[in-house]
Structures are given as structure tokens and as C-alpha cells.
Protein chains: 2
Amino acid sequence: MKLTTKGRYAVMALADIAKFDRNSPISLRDISLRQGISLLYLEQIFSKLRKNEIVKSVRGSSGGYILTKNPEQIKLSNIFSAVDEKVKTVNCKKESKKGCNGKSSKCITHNLWDELELHINDFFNKKNLGDLVKGKNENTI
Amino acid sequence: MKLTTKGRYAVMALADIAKFDRNSPISLRDISLRQGISLLYLEQIFSKLRKNEIVKSVRGSSGGYILTKNPEQIKLSNIFSAVDEKVKTVNCKKESKKGCNGKSSKCITHNLWDELELHINDFFNKKNLGDLVKGKNENTI
DNA sequence: GTTAAACTTGACTATTTTAGTAAGGTATAT
DNA sequence: ATATACCTTACTAAAATAGTCAAGTTTAAC
Ligand code: FES
Ligand code: FES
């Protein structure tokens, strides 16, 4: 059970942007250097973030990306769904009435995994980008 | 972010055992049929469960596996650590003082992932096998 | 004792997912 | 003009997952 780099990098990069002035765009090149993430990979991630209106882009030289909202308004769950980082704990299709083993009813552990999924998503709903950049004076980059 | 089959199957299989009388061993063959899990794969999983003293084996015909404790005493976290299903959200080595990008300090998102890990492990510590088999009258198998 | 059911072990493999790379664009500030 | 920076699609190497295979050993029951 682990987090993939897409979700992790998306949050890292957005937190990086959030630390700076909201009005001047931040280039992916800078983020790449500061956070140690491949530029090409970042482009892939930001394409999704832009389509989901988490950021908007400014083209041309000295362009880059700007958050569309205040950091406090951007929840982790928004970011994760934008980059397709989903939490999947059940083995079956949720909508279906069938269980994961093909049986006609849900398996004995189904409710447990479902609870776990809620538990995790709860965390992502509570946390926002603002929470990450509050302590600007910390020794983190 | 998803659960692997090892953790899921381990819990399913143990819940299956927990539903029956504690004193007569349950064979993997039966579990395999009821839960729709490959017998050979179950053997692999139960080897680990036995080594970690979650179950004990009874050999010979009409043998099988028995829980070593009451279902209420077997926490999900015990099961998961036995089958090496671990929660990994941070990208760095926790013990190290270095960050995930090789920088000298922890990255801006480190604390967030660490909190997430705690949040998830909390769930696994709170839930036990007993919780799963309480409603024996449900229409689950 | 024989047998068969059941556990035990270690190695091996196909599939899927992840984590990127590569290449070739297009838009625009200066 | 042109350099900077975004945009898009396609491809791929590496890792993890989800098993399978083969060849045992143990022991209850007949
Ligand atoms: S996880 Fe949904 S039926 Fe098993
Ligand atoms: S996750 Fe620990 S330093 Fe980035």
C-alpha cells in the first residue's frame, strides 16, 4: 500500500508554487530544480492539473504556472483526483452487487475495505495546500 | 494508492477461519474454494502467517490451520506486518536526516505523508478480526 | 504399513503498473 | 526574430504484483 510519485510530485510541486507570490508565474524548470523532479515528468503532471483547473498557465518567456485559487481552497483530494491518484482498497466494482470473488454477494471483508477507503479519503479532504505552507520559516525547501 | 492482494487475501482467509469453531482446523483447500483464492497462493501467505504466529498448523489428513488467539486479539496491523503489506507514503528513508530529493533536509511534504501514514496505521491498529465476524448472520460468505 | 490428504519450501514467470524519456510540436513575452 | 516555456502523443525500462510449478515432508485414518 503505497503512494505513487504522481500524487506525491503533484503535491510537492503545488506546495512549491504556493510558497511564492501568487501573482507571478513559477516555471516548471525552477520547480524541477528545487524539488528534484524530472522536467518532462512535471509537464505531464501539470497538463492534468491545468485541465482540472488547479493551476493556470502563462506562456511565453518568464511564463509558468499560477494557482487558480488560494492554497487554503485547494484540497489534497482535488489534487489527487486531478492526477488520477486514486485510493483503491476494495477488490470488486463498487457499483456492482457482485462480490470480488464473482460470488453473488459482497465478500466478508468488503465493508472493512470500504471503511478504510473512507478513512483515507477523509484525510485528503481535510488537508489543503495552505496547511503545507503555513510554516514558511521551516528549514524545508 | 492501493491494497495488494497479499494483505487482502490474508485478512479474507483469516476471517474465514474465524467464522468457524476455534478448535477444529480449517484446510486451505476449503478456504480456497469458499473465498476464490488460489490454493498455491494461500499456501505462500499462510507460511508467513504461521511464522509470525498468527495461526498454527495441524498436519495430516483433516488438518489445516487454527488461529493462535481469539479473533478479538488479532489486529489488522498484526496480519499486515506478517505478510509484509506495509504502508509507505514517504519517499525518503525515515531514519535518515536527508530528504527524498537528496537534499540535506526533509522536503516540504514530508510531514504530511508522515501524518497520512500514522492515520492509516491507526485504522489497522483499531480493527481486529473479531470486528469482521461479529455479524455472522449477514449474507456474506 | 499404506495411503492420501494436507502442509512446506524454494524457485520461477507472466502480467501489470509505475516512472519516467523522447521527440516534435505551439504560443508569446521581450 | 527568437528564446523561453508550455503542450501532446507515443514509447519504454524497471519494478512490483500475483500468481504458478515442482518436489518435497508430515501425519491421521484405514
Ligand atoms: S472487496 Fe468488495 S466483495 Fe470483496
Ligand atoms: S518524503 Fe521525506 S523528505 Fe520528502
Side-chain angles (χ1 to χ4, degrees), chain A residues 1-13 17 23-33 35-68 80 82-89 91 100-101, chain B residues 1-13 17 23-33 35-66 68 80 83-89 91 100-101:
Chain A
M1 175 142 231
K2 67 181 179 191
L3 200 62
T4 66
T5 52
K6 243 171 198 155
R8 175 181 294 115
Y9 288 172
V11 176
M12 280 176 83
I17 294 180
N23 296 315
S24 59
I26 309 290
S27 77
L28 292 188
R29 181 178 165 70
D30 287 352
I31 298 175
S32 167
L33 291 171
Q35 305 299 335
I37 305 171
S38 146
L39 177 60
L40 290 156
Y41 200 24
L42 272 178
E43 288 181 352
Q44 223 179 95
I45 292 168
F46 271 76
S47 165
K48 295 186 179 195
L49 292 176
R50 193 183 57 83
K51 279 174 192 153
N52 285 274
E53 298 179 0
I54 308 283
V55 294
K56 61 186 170 194
S57 66
V58 176
R59 310 186 82 151
S61 59
S62 78
Y65 288 94
I66 304 179
L67 300 182
T68 55
F80 275 31
V83 297
D84 302 316
E85 171 88 50
K86 22 183 169 295
V87 177
K88 180 162 165 51
T89 53
N91 197 21
C100 54
N101 42 21
Chain B
M1 179 145 227
K2 67 183 182 191
L3 200 62
T4 67
T5 53
K6 240 167 202 160
R8 176 182 293 115
Y9 288 172
V11 176
M12 280 176 82
I17 294 179
N23 297 315
S24 61
I26 309 289
S27 77
L28 291 189
R29 180 177 166 70
D30 287 352
I31 298 177
S32 166
L33 290 172
Q35 305 298 334
I37 304 170
S38 147
L39 176 60
L40 289 156
Y41 200 24
L42 272 178
E43 288 179 351
Q44 221 179 95
I45 292 168
F46 271 75
S47 166
K48 293 187 180 196
L49 291 175
R50 193 184 56 81
K51 278 175 193 152
N52 285 274
E53 296 177 1
I54 309 283
V55 294
K56 62 186 170 194
S57 66
V58 178
R59 311 187 81 152
S61 58
S62 77
Y65 287 94
I66 304 178
T68 54
F80 275 30
V83 297
D84 302 316
E85 170 89 50
K86 22 183 168 296
V87 177
K88 180 162 166 49
T89 54
N91 196 20
C100 53
N101 42 20

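Every chain is numbered from 1, with letters handed out A, B, ... down the list of sequences. None of these values were measured; they are calculated from a predicted model.
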Please report how far the helix from dG1(C)-dC30(D) to dT30(C)-dA1(D) bends, comparing the axis fitted to its first five pairs with the axis fitted to its last five, to the nearest 10 degrees.
10°
Sequence neighbours excluded, the answer for side chain to side chain donor-acceptor pair (under 3.5 Å) partners of S38(A) is none
If you go through the side-chain atoms of Q44(B), does one of them form a donor-acceptor pair with the base of dT20(D) closer than 3.5 Å?
yes
From NZ of K48(B) over to P of dT17(D), roughly how many Å is that when rounded to an integer?
11 Å
Which whole-number value in Å describes the distance from I31(B) CD1 to dA6(C) C1'?
12 Å
About how many Å separate CG of N91(B) and OH of Y9(A), when rounded to the nearest 0.5 Å?
5.5 Å
Atom CG of L3(B) and atom C1' of dT16(C) are separated, to the nearest Å, by 17 Å
In whole angstroms, the gap separating P of dT20(D) from NZ of K6(B) amounts to 13 Å
With B for base contact, S for sugar-phosphate-only contact and - for none (protein heavy atoms under 4.0 Å), nucleotides 22-30 of chain D reads ---BBBBS-
Flag, side chain of R29(B) to backbone of G64(B), donor-acceptor distance under 3.5 Å
no
Looking only at side-chain N and O atoms, does S27(B) come under 4.0 Å of OP1 or OP2 in dC7(C)?
no
How about T5(A) and Y41(A): do any of their side-chain heavy atoms sit closer than 4.5 Å?
yes
Roughly, in whole Å, what's the span from CG in L42(A) to P in dT4(D)?
19 Å
Would you classify Y65(A) as touching base, sugar-phosphate or nothing, given that sugar-phosphate means primed atoms plus P, OP1 and OP2, and contacts are heavy atoms under 4.0 Å?
sugar-phosphate
Just list the side-chain donor-acceptor pairs under 3.5 Å for residues 42-61 of chain A, sequence neighbours left out, or say none.
residue	atom	partner	partner atom	Å
K48(A)	NZ	D84(A)	OD2	2.9
N52(A)	ND2	K48(A)	O	2.9

Could you check how far CE of M1(B) sits from C1' of dA16(D), rounded to whole Å?
16 Å
Nearest-0.5 Å distance, CG of residue L3(B) to NZ of residue K88(A):
10.0 Å
In whole angstroms, the gap separating P of dA23(C) from OH of Y41(A) amounts to 19 Å
By nearest nucleotide on DNA chain D, pick out whichever of K2(A) and G63(A) is the more 5' one.
G63(A)
Indicate whether OP1 or OP2 belonging to dT18(C) is found under 4.0 Å from a side-chain N or O atom of T5(A).
no
Phosphate OP1/OP2 of dG20(C) contacted by Y9(A) side-chain N/O (<4.0 Å):
yes
Mind checking the CE-SG spacing from M12(A) to C100(B)? Nearest 0.5 Å is all I need.
4.0 Å
Would you indicate, yes or no, if dT8(C) has its OP1 or OP2 atom less than 4.0 angstrom from a side-chain nitrogen or oxygen of S57(B)?
yes
Between T4(A) and R29(B), the residue closer to the 5' end of DNA chain C by nearest nucleotide is R29(B)
Within this structure, what is the CD1-CD1 distance for the pair I31(A) and I26(A), rounded to the nearest 0.5 Å?
7.0 Å
Check whether any side-chain nitrogen or oxygen of R50(B) sits under 4.0 Å from OP1 or OP2 of dT8(C), and answer yes or no.
yes
Round to the nearest Å and state the distance from F46(B) atom CZ to dG19(D) atom P.
15 Å
If you measure from CG on L33(A) to OG on S27(A), what distance do you get to the nearest 0.5 Å?
8.0 Å
Test of understanding: with side chain to side chain donor-acceptor pair (under 3.5 Å), list the residues that count as partners of S32(A), not counting sequence neighbours.
none
